[in-house]
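The sequence lines fix the lettering, A, B, ..., with proteins before strands; numbering per chain opens at 1.
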Protein chains: 2
Amino acid sequence: MASLGELERAVMDLLWAGQEAATANTLRDQLARTSATQDGPGHEGKELAVTTVLTVLSRLEKKGLVERERGTRPHRYQAVSSRADHTAELMHEVLGSAPDREAVLARFIGSVSEGEAETLRKLLGHL
Amino acid sequence: MASLGELERAVMDLLWAGQEAATANTLRDQLARTSATQDGPGHEGKELAVTTVLTVLSRLEKKGLVERERGTRPHRYQAVSSRADHTAELMHEVLGSAPDREAVLARFIGSVSEGEAETLRKLLGHL
DNA sequence: TCAGTTTTCTACGCTTCGTAGAACTGTAAC
DNA sequence: GTTACAGTTCTACGAAGCGTAGAAAACTGA
């Protein structure tokens with residue numbers, strides 16, 4: 001249950017980018033703005049209904065990616081884990097499903113940039 | 001377009017396991033047998049229709065995971081790349097979607113077993 | 001209590017996947 | 001070369017996931 005839809009991902013990106021918990025309305029506005037800027041001029045930002053955003057947030061909550069404060073009246077939503085954590089977890093998930101983990105790691109390392117290889121060496125150094 | 005359904009995955013597992021190209025019928029039989037043994041006794045193997053297997057193979061072909069020899073009359077199907085290659089590619093895909101690649105790698109390395117860390121060190125050594 | 005805001009319920013259309021019948025096609029034997 | 005059969009493609013349906021949002025319910029401030 002790892003894959004996200006397009007809008008779900010867009011919402012997660014916003015939650016991961018912002019450091020504070022956000023309300024559905026805030027997110028709705030940000031979605032309008034970001035899609036307007038990123039998709040270039042002429043492609044006006046999607047004016048989503050707030051209910052749409054709320055539905056998506058509920059689904060993300062059910063998936064365990066988002067948690068909400070139910071106390072405050074406009075509920076505030078935030079990502080459960082950082083994007084980096086989440087992505088790393090995904091990578092482990094992908095890797096975990098393989099019986100030949102070492103072979104996978106070999107292939108993986110084989111196609112990593114030199115800069116990243118260096119990063120990895122450093123990270124592995126102090127273990 | 002990375003995720004596979006349950007049956008699609010089962011078929012890929014068979015294609016990855018066998019070294020030779022297989023026909024739809026062969027796969028149908030293997031599916032019946034493997035699900036019988038793996039799921040324990042009492043759970044009889046799924047007797048799928050051959051058309052079902054063919055449909056799945058077509059879909060896998062469209063996804064670029066499988067290729068078939070159209071020359072021979074019972075078409076023969078085989079995985080385009082090894083499971084290890086495929087999995088490693090998936091990992092790169094997951095990683096590639098992140099703007100903070102180094103942070104992801106750090107988290108990833110952080111939760112790798114010591115044995116695998118050793119493997120990684122060796123792999124990174126001779127680059 | 002009332003009006004406005006926020007959340008939940010319900011729903012519809014689209015796509016993917018498991019599943020397979022129906023129809024078509026190639027092949028081998030007669 | 002016509003026929004019978006194995007193999008392949010076409011078409012389709014039901015379930016689930018996702019984008020989308022209206023309608024209804026719940027809440028809050030006045």
remark   = In numerical order, the residues of residues 18-29 of chain A whose heavy atoms come under 4.0 Å of DNA chain C are N25(A)
message = Suppose we screen for salt bridge (charged side-chain N to carboxylate O under 4.0 Å, His left out). Which residues come up paired with E67(B), at least two apart in sequence or across chains?
response = none
request  = For residues 68-109 of chain B, pull every pair meeting ring pair (Phe, Tyr, Trp, His ring centres under 6.0 Å), keeping only residues two or more places apart or in separate chains.
outcome  = H92(A)-F108(B), F108(A)-H92(B), W16(B)-H86(B)
key: salt bridge (charged side-chain N to carboxylate O under 4.0 Å, His left out) contacts touching residues 69-79 of chain B (sequence neighbours left out)   = E61(B)-R70(B)
request  = Can you tell me the distance, in whole Å, between the CG atom of L57(B) and the P atom of dA20(C)?
outcome  = 15 Å
request  = Give me the residues of residues 65-76 of chain A where at least one heavy atom lies under 4.0 Å from an atom of DNA chain C, by number, or none.
outcome  = R68(A), R70(A), R73(A), P74(A), H75(A)
What nitrogen or oxygen pairs link the protein and nucleotides 12-14 of chain D at under 3.5 Å?
none

message = Between R107(A) and S82(B), is there a side-chain heavy-atom distance shorter than 4.5 Å?
response = yes
ask   = Are T52(B) and dA20(C) close enough that a side-chain N or O sits under 4.0 Å from OP1 or OP2?
value = yes
ask   = Atom CE of M12(A) and atom P of dG19(D): how far apart are they, to the nearest Å?
value = 13 Å
note = From CG of L4(B) across to C1' of dG18(C) the rounded distance in Å is 14 Å
task = Could you tell me whether the phosphate oxygens of dC17(C), OP1 or OP2, come under 4.0 Å of any side-chain nitrogen or oxygen in K63(B)?
result = yes
query = So, T23(A) versus T26(A): side-chain donor-acceptor pair below 3.5 Å or not?
reply = yes
